[in-house]
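All residue numbers in this chain count up from 1 along the given sequence. Predicted, not measured: the structure shown is a model, and the values here were computed from it.
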Amino acid sequence: MAEKRYDIQGLRAWAVIAVVIFHFFPSTLRFGYLGVDVFFVLSGFLISLVLENKAIAISTYISFYFKRLRRILPLSLLIVWICSIYAAICYDEILFLYSRKSALHADLFTSNLKGNNEGEDYFRDLANAEDLYTHTWSLSVEVQFYLLAPLLLHIMKPSCSEPIHTIGYFLALAVFSFIYSRSLPSSTAFYSTLARLWQFIVGAIAFSLQKAEKLPVVVESSGLAFCPAIIKRINCLEQILSRLNTVLPSVVAVVLIVWSAVFDGLESTLRCVVTFLAASLLVLKLTTPILTHRSLQIIGDSSYALYLIHWPVVCLLRFYSLDQLMNKLIAMIICFAVSILVYETYEKWYLSLNWKLSFLLIVMLYVASASVYFIYSLTHSEAVVLDDFDRPRTYDEARKINQHMDSQWERYLKLKDCTPRNAGTDKNPWGFCNIPSGNGTLSFLIIGNSYAANHGRMIVDNLKEHYGRIGIHTVSECEPLIETKNFYCKDALRLQQEFLDDIDTFKPDVLFLSARYIEPNIPIEAGKVEDDVLYKTMMEKLKKYE
């Protein structure tokens, strides 16, 4: 029986902790999502271990796929089923349809393909926190890798009698995948299994290196007793080859890290560093408490449950506007506790089932998920999906869209990652919001009525490379260039002075005035627009802002 690797569970624990903290507090651990990359390396290592010394036979691969699917499907399908029930009860029709589509991809382990085909962006989806299944993209990549693993890690792998051949084969695969990933747009490469393949292969290389260290160097000397010089040279050659097993991957790792630093930027560089660091730790087999502490073993054991459970909780907090610091901390602790409970009960139970009961459980969970959507379709009229904007709409479709937007307008206006300036008076989307800094050097300030929140999101999403600091001040109904006089805007002059004070305090390089103007929507009083009273008032206000 193979010795238990406590350090592997420690790596699992740190990886899932990084991901969970990033999802709950993205600005606290900016690159925490790279914990997923550690999971890929671990998968390559462990799959190599599972297939080691197995015969190239159909029975080997049937057993392999059964154990992989039994490990993954029962918990994943259960979470999708629970989330589907929640979506059917709590979501409006249009949001439910989007959720249904994502759930189908999650059930079929094609969430990463959905991202590639529809131009979806992982970080935008995280910021929106509306899709309960956003995090299943990485699980989809894992399952798709399992389809390739027997071929790449077992059938095509060279003989293990010469480790340098095996390592050379794996290095060629890794370099090919790495180059392929750099040929794709970054958002496409992020989701692509082939573009991620090099990280799994790095795990396989770590396994081969660890195994090579255990192989003794033996030289048959009975026929060479008369020539000790030859024996010495052969031993020297064996030692050189043994060192090449370690030196060659190390050189390739350094080259890829330098390549990323020069041509790709910080994120790609850190991805390479994290990947190769995880592989190095697997080879070293450290017993330090940093990796083997009992608490880390518990988290490592329950890491799969924690990964699946925590993201829907993040979405619920955002959906109900409960994503304040203390609420997030409490919810995160609850996620850890629930995941441990799920591992000790449900996971351990289904992992002990034979193939017949496992198959029955999986079928039942698929049927349960399908039944949620079938029952929903019987009790609800079909809603209109807000994609395919070029398609002409019928009157009934347009009416449904308007009803949906009218009932959900304030939720759609809410700014993501908004930190109110004054917790007592500013409430997203109204008031002053500080938004996380972008990657540029300019400071942006966006002011206006509800359009400032609406258009502000487009500015935040699309101009991130240009701005550093950015703030948004939104006041319902109050127009920045006109003294609005209606029920909602009761003190227009004071609010306009607040806009001016914001400019004086914030000192933006670029000021956006974003508003739907209601008051000027009347006929021009004079013959020329330049003589119109409203026009003159607006120009005077504009000069003040300038």
Mind running side chain to side chain contact (heavy atoms under 4.5 Å, CB included) on I79 and W311 for me, showing each step along the way? CA-CA 11 Å; I79 298 299; W311 176 249; over 6 Å; no

| request: Report the C-alpha distance between Y373 and F96 in whole Å, list the side-chain angles of each, state the deciding distance to 0.1 Å, and finish with yes or no for ring-ring contact (aromatic ring centres under 6.0 Å, His included). | output: CA-CA 10 Å; Y373 300 107; F96 176 79; 5.5 Å; yes

Does the pair K464 and I470 meet the rule for a side chain to side chain contact (heavy atoms under 4.5 Å, CB included), with working shown? CA-CA 10 Å; K464 189 168 291 186; I470 184 168; over 6 Å; no

Practice prompt. Go through the steps to decide whether Y61 and H154 satisfy the test ring-ring contact (aromatic ring centres under 6.0 Å, His included), and finish with yes or no.
Written response: CA-CA 10 Å; Y61 308 126; H154 195 233; 5.7 Å; yes

Pair N112, Q144 - check side chain to side chain contact (heavy atoms under 4.5 Å, CB included), show working. CA-CA 10 Å; N112 62 319; Q144 290 160 27; 2.8 Å; yes

query = Which is it for L197 and L152 under the side chain to side chain contact (heavy atoms under 4.5 Å, CB included) test, yes or no, and what are the steps along the way?
reply = CA-CA 10 Å; L197 182 63; L152 298 179; 3.9 Å; yes

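Distance alone, capped at 3.5 Å, is enough to place a donor-acceptor pair between the S43 side chain and the F39 backbone. In this structure a side-chain-to-backbone donor-acceptor pair under 3.5 Å is present from N327 to L322. The backbone N or O of A189 lies less than 3.5 Å from no partner atom in the side chain of S192, so there is not a single donor-acceptor pair. In this structure, Y346 contributes its side chain and L341 its backbone to no donor-acceptor pair below 3.5 Å. Between the side chain of R70 and the main chain of L353, a donor-acceptor pair closer than 3.5 Å is present. Y65 places no side-chain N or O within donor-acceptor distance of the main-chain N or O of T60, the cut-off being under 3.5 Å. A donor-acceptor pair under 3.5 Å links the side-chain atoms of S377 to the main chain of F374, judged by distance alone.
How far OH of Y33 is from OG of S138: 14.0 Å, rounded to the nearest 0.5 Å. A distance of 7.5 Å separates CD in E344 from CG in D301, rounded to the nearest 0.5 Å. Distance check: I459 CD1 to H466 NE2 gives 12.0 Å after rounding to the nearest 0.5 Å. Atom OH of Y191 is separated from atom CZ of R196 by 10.0 Å, given to the nearest 0.5 angstrom. Rounded to the nearest 0.5 angstrom, I167 CD1 and F170 CZ are separated by 9.0 Å. If you take CG on L75 and OG on S339, they are separated by 10.0 Å, rounding to the nearest 0.5 Å.
Atom NE2 of H455 has more than 12 heavy atoms from other residues, nucleotides or ligands within 6.0 Å. The 12-atom threshold is not exceeded at CD1 of I290, counting heavy atoms of other residues, nucleotides or ligands nearer than 6.0 Å.
Ring centroids of F190 and W137 are separated by less than 6.0 Å, placing the two rings close together. Ring centroids of Y133 and Y98 are separated by 6.0 Å or more, keeping the two rings apart.
Side-chain contact between I8 and R12 is present, with at least one heavy-atom pair separated by less than 4.5 Å. Counting heavy atoms from C-beta outward, I205 and I201 have side chains that approach closer than 4.5 Å. With a 4.5 Å cut-off on side-chain heavy atoms, F31 and V274 do not count as touching. The closest side-chain heavy-atom distance from L308 to L139 is below 4.5 Å. Within the 4.5 Å cutoff, the side chain of V36 has heavy atoms near those of the Y307 side chain. Proximity of L73 to Y366: side-chain heavy atoms (C-beta onward) are separated by under 4.5 Å at one or more points. Side-chain contact between F336 and S302 is absent, with no heavy-atom pair separated by less than 4.5 Å. For the pair I72 and Y304, the minimum side-chain heavy-atom distance is below 4.5 Å.
Inspection of the S111 and H105 side chains reveals no N or O donor paired with an N or O acceptor under 3.5 Å. Looking only at atom types and distance, the side chain of S102 has a donor-acceptor partner in the side chain of D131 under 3.5 Å away.
For Y91, there are no side chain to side chain donor-acceptor pair (under 3.5 Å) partners, not counting sequence neighbours. Annotation: salt bridge (Lys or Arg N to Asp or Glu O under 4.0 Å) contacts of D107 (sequence neighbours excluded): none. With sequence neighbours left out, the salt bridge (Lys or Arg N to Asp or Glu O under 4.0 Å) criterion links R182 to D264. Annotation: salt bridge (Lys or Arg N to Asp or Glu O under 4.0 Å) contacts of D323 (sequence neighbours excluded): R318. Looking at residues two or more places apart in sequence or on another chain, you find no salt bridge (Lys or Arg N to Asp or Glu O under 4.0 Å) involving K54.
Using bins of under 30°, 30° to 60° and over 60° for the plane-to-plane angle, the ring pair F176/Y180 lands in the parallel bin. The aromatic rings of H310 and F24 are tilted relative to each other, their planes meeting at an angle between 30° and 60°.
Considering all non-hydrogen atoms of both residues, V338 and I309 come closest at CG1-CD1, 4.0 Å. Residues L148 and L194 share a closest heavy-atom pair of CD1-CD2, 4.3 Å.
For the side chain to side chain contact (heavy atoms under 4.5 Å, CB included) with L317, the qualifying choice from M332, K328, Q324 is K328, the only one to do so.
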In residues 275-283, what donor-acceptor pairs under 3.5 Å come from side-chain atoms, sequence neighbours left out?
{"residue": "T275", "atom": "OG1", "partner": "Q199", "partner atom": "NE2", "Å": "2.9"}
{"residue": "T275", "atom": "OG1", "partner": "R271", "partner atom": "O", "Å": "2.7"}
{"residue": "S280", "atom": "OG", "partner": "F276", "partner atom": "O", "Å": "2.8"}

